[in-house]
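Structure, as structure tokens:
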Amino acid sequence: MTTEFPGPAGTDITGDGFSTRAIHAGQDPEQLTGAVAVPIYQTSTFAQDVAGETRAGYDYTRAGNPTRTALEVALASLEGARFGHAFASGMAASDALLRAVLKPGDHIVIPNDAYGGTFRLIDKIFKPWGIEHTSVPLVDLDAVRAAVRPNTKLIWSETPTNPLLSVSDIAGLAAVAHEAGAKLVVDNTFASPYLQQPLALGADIVLHSTTKYIGGHSDVIGGALITNDQQLSEDFDFHAKSMGGVPGPFDAWLTLRGLKTLAVRMDRHCDNAEAVVELLVGHPRVEKVYYPGLPGHPGHEVAKSQMSRFGGMVSFTVVGGIEEAIKVCSRTRLFLLAESLGGVESLIEHPGVMTHASVAGSDLEVPASLIRLSVGIEDIADLLTDLKDALD
Ligand code: PLP
């Protein structure tokens, strides 16, 4: 169902602040009982009194479910948008987006350091179906402009990127896309809507893996597409309903539960990441630190202009190559060796053999001694001790 976010003046909103909307948008107390938490409508279907007439617009949960609607309204509100669509995963959202916007013969420009799963979907699934792609450094607007062709329909941006944390200029990319008659999508997973609002900078679509910061507790997989464009919203809805990559009611509820505390978690993620960066920058076993908050980071100025802070993700390379990097990853105790990111617990991983193995040998290959940290919200003294012990 395409459910338009009622906006700050809507009846179910009692304030305009980010956290107020996270806690209240789409989440009025339930009519029947006054339940403060949105109920989990764990039902596949909805009774009708007269054939074809639904009681509240719901007929079948693949097409729409009240718990999912609450999540979609809240997601739209947090991105300052009119329409939100929840999916079963970030990849299901990406798949729906690509099918909704592109047809065989079209072309897409993608970052040369996109998330490996995004690259795999575009290169291994969509290319054989006739969608062409060119990967370029999205940080270089001239390179993006040069990659655009008459059949380019979409520019795909991820900023900051996974795992190299490069930063692209959203307003600049939107201008290039719109000059070419293409749409700009921003994968806003790393920043979250708390730190960055791509639609306000000119993007047409925001994509999230809500599995990460929005869900925030490493207990649910989900994805989202958010837009102000009614036609796109209807297309996303049609694709979600037709292909069925939607979240179940309990997954939607878990995501909604996580989303309420996004602002307080992100503040703490950022505080902790900044302290971790300080430790890494001064450490003799560390070669290079990738963090957009560092003044020497090539995207620092752009990040400062479009993000309110620099996030909880930190990548770095170590002295000693891949063997040493893999050893460091298995020496930490608090930083759990695991894929994914954005949860309350700190994670460490080796992108080359874990999350980004699918891009080995391509333009998107990552440095062999790269380690990626998702800095959690534990006590910072414990996190620093853990990292020091693993590196020393
Ligand atoms: N986008 C980014 C930046 C990601 O890091 C991921 C997963 O790691 C995805 C999209 C895919 O999301 P999901 O794992 O929820 O399908």
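Whatever order the structure lists them in is the order used to number ligands and atoms, beginning at 1.
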- request: Mind telling me whether His85 and Phe87 have parallel, tilted or perpendicular rings, with 30° and 60° as the class edges?
  value: tilted
- line: Taking every heavy atom of Leu184 against every heavy atom of Ala174, the minimum-distance pair comes out as CD2-N, 3.6 Å
Can you give me a line-by-line list of nitrogen or oxygen pairs between ligand 1 and the protein shorter than 3.5 Å?
| residue | atom | partner | partner atom | Å |
| --- | --- | --- | --- | --- |
| ligand 1 | 1 (N) | Asp187 | OD2 | 2.6 |
| ligand 1 | 5 (O) | Asn162 | ND2 | 2.9 |
| ligand 1 | 8 (O) | Lys212 | NZ | 3.0 |
| ligand 1 | 12 (O) | Ser209 | OG | 3.1 |
| ligand 1 | 15 (O) | Gly90 | N | 2.9 |
| ligand 1 | 15 (O) | Ser209 | OG | 2.8 |
| ligand 1 | 15 (O) | Thr211 | OG1 | 2.7 |
| ligand 1 | 16 (O) | Gly90 | N | 3.0 |
| ligand 1 | 16 (O) | Met91 | N | 2.9 |

- request: Measure from the ring center of Phe310 to the ring center of His300 and say whether it is less than 6.0 Å.
  value: yes
task: Under the ring-ring contact (aromatic ring centres under 6.0 Å, His included) rule, collect the residues that match up with Phe126, sequence neighbours excluded.
output: none
message: Pairing donors with acceptors under 3.5 angstrom, does anything connect the side chains of Thr33 and Glu30?
response: yes
field: Donor-acceptor pair between Thr69 and Tyr58 side chains, under 3.5 angstrom
entry: yes
